[in-house]
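A short write-up of the structure that comes next.
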Number of protein chains: 2
Amino acid sequence: MLSSSSPSTLEAHLGYWLRMVSNGVSLSFARKVECEGVTVAEWVFLRALYDTGSVAPSQLADRMAMTKGAISKLADRLLEKSLIERRANPADRRAHTLALNREGRELVPRLAALADENDEEFFGALAPDERRRLEQLLRKIAEERELTSVPVD
Amino acid sequence: MLSSSSPSTLEAHLGYWLRMVSNGVSLSFARKVECEGVTVAEWVFLRALYDTGSVAPSQLADRMAMTKGAISKLADRLLEKSLIERRANPADRRAHTLALNREGRELVPRLAALADENDEEFFGALAPDERRRLEQLLRKIAEERELTSVPVD
DNA sequence: TATTGTTATACTCTATAACTATA
DNA sequence: TATAGTTATAGAGTATAACAATA
């Protein structure tokens, strides 16, 4: 006589706990940056621009592992919010570049501070060695599965 | 003379690595369950129904920490896909109940197997004690931050 | 009046593809 | 023809609120 087995539960999977904690962290961060008038995706976009300086949308799409269309839409919103500038390229009139304006450059450090604060809220409960251990395990998985796309949601 | 400090990078935050790995795991799982014609949210919904049996939408909303509207929309899709049944309650004609039909009950174990497979793909690279450690750390954060909502995205 | 559930609206993120302008 | 970028469309998820039916 064969024993029948139940389908595995949601909680039986590490992916479930990962998603639960990740969603909690992201939702909390989303609420923080909302006070500064931006979304998490916009923070990632702005932080990338802070490092690259003036850059073509297509390069940003490569770097952030997003489509050109997605970059275009994000850029539209940030232009409306007056945080970035879009400039034509005189040499190649198809090409554009995107860059932070003064307001955008001033916002990035404030958003970074919120990211620090949010990380502290969630992972401050862990001992320093636990924190290192968690980062090490996550980096190991990211490396082995070749996860490279910048997570924006 | 004050030293100026750069805003912290994206990679400096544990939340960033958590989101990157979590998104990778979820995207991979989404592609697997797509072959069975459902989304991750629908898998969570179906797995919950598998345990509860016949249940009111409002109870499901509480259990899954979703709004009634979200439950209604999910239920609509699963009805179209002929995986669940919606029944009226003769005692209270406002009330309804949702339940898996035969097709839905048969699908859940196949989806659970895909969840097992996906977990193995991502976390199989970790040693057994690393895996336990990761789950322990995630559960600790979930508990301390009182994260209870079932993550569906 | 309060409750159950549905429906409408709106916004974000994602992906594909059509399209314009330029090279 | 190929490339840079925008725009259109569609689907999934989220949230709020208006609504109908019933208690």
Side-chain angles (χ1 to χ4, degrees), chain A residues 19-20 22-24 26-31 33-34 37-45 54-81 84-98 149-153, chain B residues 19-20 22-24 26-31 33-34 37-45 54-81 84-98 149-153:
Chain A
R19 206 159 68 244
M20 176 175 292
S22 176
N23 283 1
S26 290
L27 181 60
S28 166
F29 184 51
R31 285 178 178 150
V33 294
E34 194 183 2
V38 296
T39 67
V40 177
E42 288 163 5
W43 145 247
V44 172
F45 191 103
S54 201
V55 68
S58 55
Q59 283 186 292
L60 215 44
D62 286 346
R63 176 181 284 258
M64 295 176 69
M66 294 171 71
T67 62
K68 292 181 301 176
I71 292 291
S72 221
K73 210 164 69 168
L74 260 180
D76 281 345
R77 283 218 308 272
L78 291 169
L79 280 165
E80 268 180 33
K81 294 178 182 178
I84 66 173
E85 286 172 4
R86 178 184 270 148
R87 294 195 201 102
N89 181 341
D92 181 343
R93 297 190 51 208
R94 292 172 305 180
H96 288 180
T97 61
L98 300 172
S149 75
V150 179
V152 292
D153 63 345
Chain B
R19 205 159 69 244
M20 176 175 294
S22 176
N23 283 0
S26 290
L27 181 60
S28 167
F29 184 51
R31 285 179 178 149
V33 295
E34 193 182 4
V38 296
T39 66
V40 176
E42 287 164 6
W43 145 248
V44 171
F45 192 103
S54 200
V55 68
S58 54
Q59 282 186 291
L60 215 45
D62 287 347
R63 175 182 285 256
M64 296 177 67
M66 294 171 71
T67 61
K68 292 181 301 177
I71 292 291
S72 224
K73 208 164 72 167
L74 260 179
D76 281 345
R77 282 219 308 272
L78 290 169
L79 279 164
E80 269 180 32
K81 294 178 182 178
I84 65 172
E85 286 171 4
R86 179 184 270 148
R87 292 197 202 102
N89 181 342
D92 180 344
R93 298 189 52 207
R94 292 172 305 181
H96 289 181
T97 61
L98 301 172
S149 76
V150 179
V152 292
D153 65 343

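Hydrogens, waters and symmetry mates play no part in the numbers below; they use all other heavy atoms, side chains included. The sequence lines fix the lettering, A, B, ..., with proteins before strands; numbering per chain opens at 1.
Across D:dT14, C:dT12, D:dG13, the shortest atom-to-atom separation from the side chain of A:Arg77 is found for C:dT12.
Residues A:Val55 and A:Arg63 form no side-chain contact, since every pair of their non-hydrogen atoms from C-beta on lies 4.5 Å or further apart. Residues A:Val33 and A:Thr39 have side chains not in contact (no heavy-atom distance under 4.5 Å, counting atoms from C-beta outward). Taking 4.5 Å as the limit, some side-chain heavy atom of A:Phe45 sits within range of a side-chain heavy atom of A:Leu60.
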Could I get a table of every N or O pair under 3.5 Å where one atom is in the protein and the other is in nucleotides 5-8 of chain C?
residue	atom	partner	partner atom	Å
C:dG5	OP1	B:His96	N	3.1
C:dG5	OP1	B:His96	O	3.2
C:dG5	OP2	B:Ser58	N	3.2
C:dG5	OP2	B:Ser58	OG	2.7
C:dG5	N7	B:Lys68	NZ	2.6
C:dT6	OP1	B:Arg86	NE	2.9
C:dT6	OP1	B:Arg86	NH2	2.9
C:dT6	OP2	B:Ser72	OG	2.5
C:dT6	O5'	B:Ser72	OG	3.2

Give every donor-acceptor pair under 3.5 Å between a side-chain atom in residues 65-76 of chain A and any protein atom, sequence neighbours left out.
residue	atom	partner	partner atom	Å
A:Thr67	OG1	A:Ala70	N	3.2
A:Asp76	OD1	A:Arg86	NH2	3.4

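If you measure from atom CG of B:Leu78 to atom P of D:dA12, you get 11 Å, rounded to the nearest angstrom. Summarising the geometry, the separation between CZ on B:Arg93 and C1' on C:dT3 is reported as 16 Å, rounded to the nearest angstrom. Taking atom CD of residue A:Glu34 and atom P of nucleotide D:dT14, one finds them 16 Å apart after rounding to whole Å. Regarding B:Lys81, its NZ atom lies at a distance of 12 Å from the P atom of D:dG11, rounded to whole Å.
Within the structure, every side-chain polar atom (N or O) of A:Thr67 is placed at least 4.0 Å from both OP1 and OP2 of C:dT14.
Residues passing the salt bridge (Lys or Arg N to Asp or Glu O under 4.0 Å) test with A:Arg93, sequence neighbours excluded: none. Applying the side chain to side chain donor-acceptor pair (under 3.5 Å) test to A:Glu34 and every residue at least two apart in sequence or in another chain returns nothing. Every residue meeting the side chain to side chain donor-acceptor pair (under 3.5 Å) condition with A:Asp92, not counting sequence neighbours, appears here in chain and number order: A:Arg94.
A residue-by-residue look at A:Thr39 and A:Pro90 shows that A:Thr39 has its nearest nucleotide of DNA chain C further toward the 5' end.
When all heavy atoms of A:Ser26 and B:Arg19 are compared, the pair lying nearest together is OG-CD, 2.9 Å.
Relative to the axis of its first five pairs, the axis of the last five pairs of the helix from C:dT1-D:dA23 to C:dA23-D:dT1 sits at 40°, rounded to 10 degrees.
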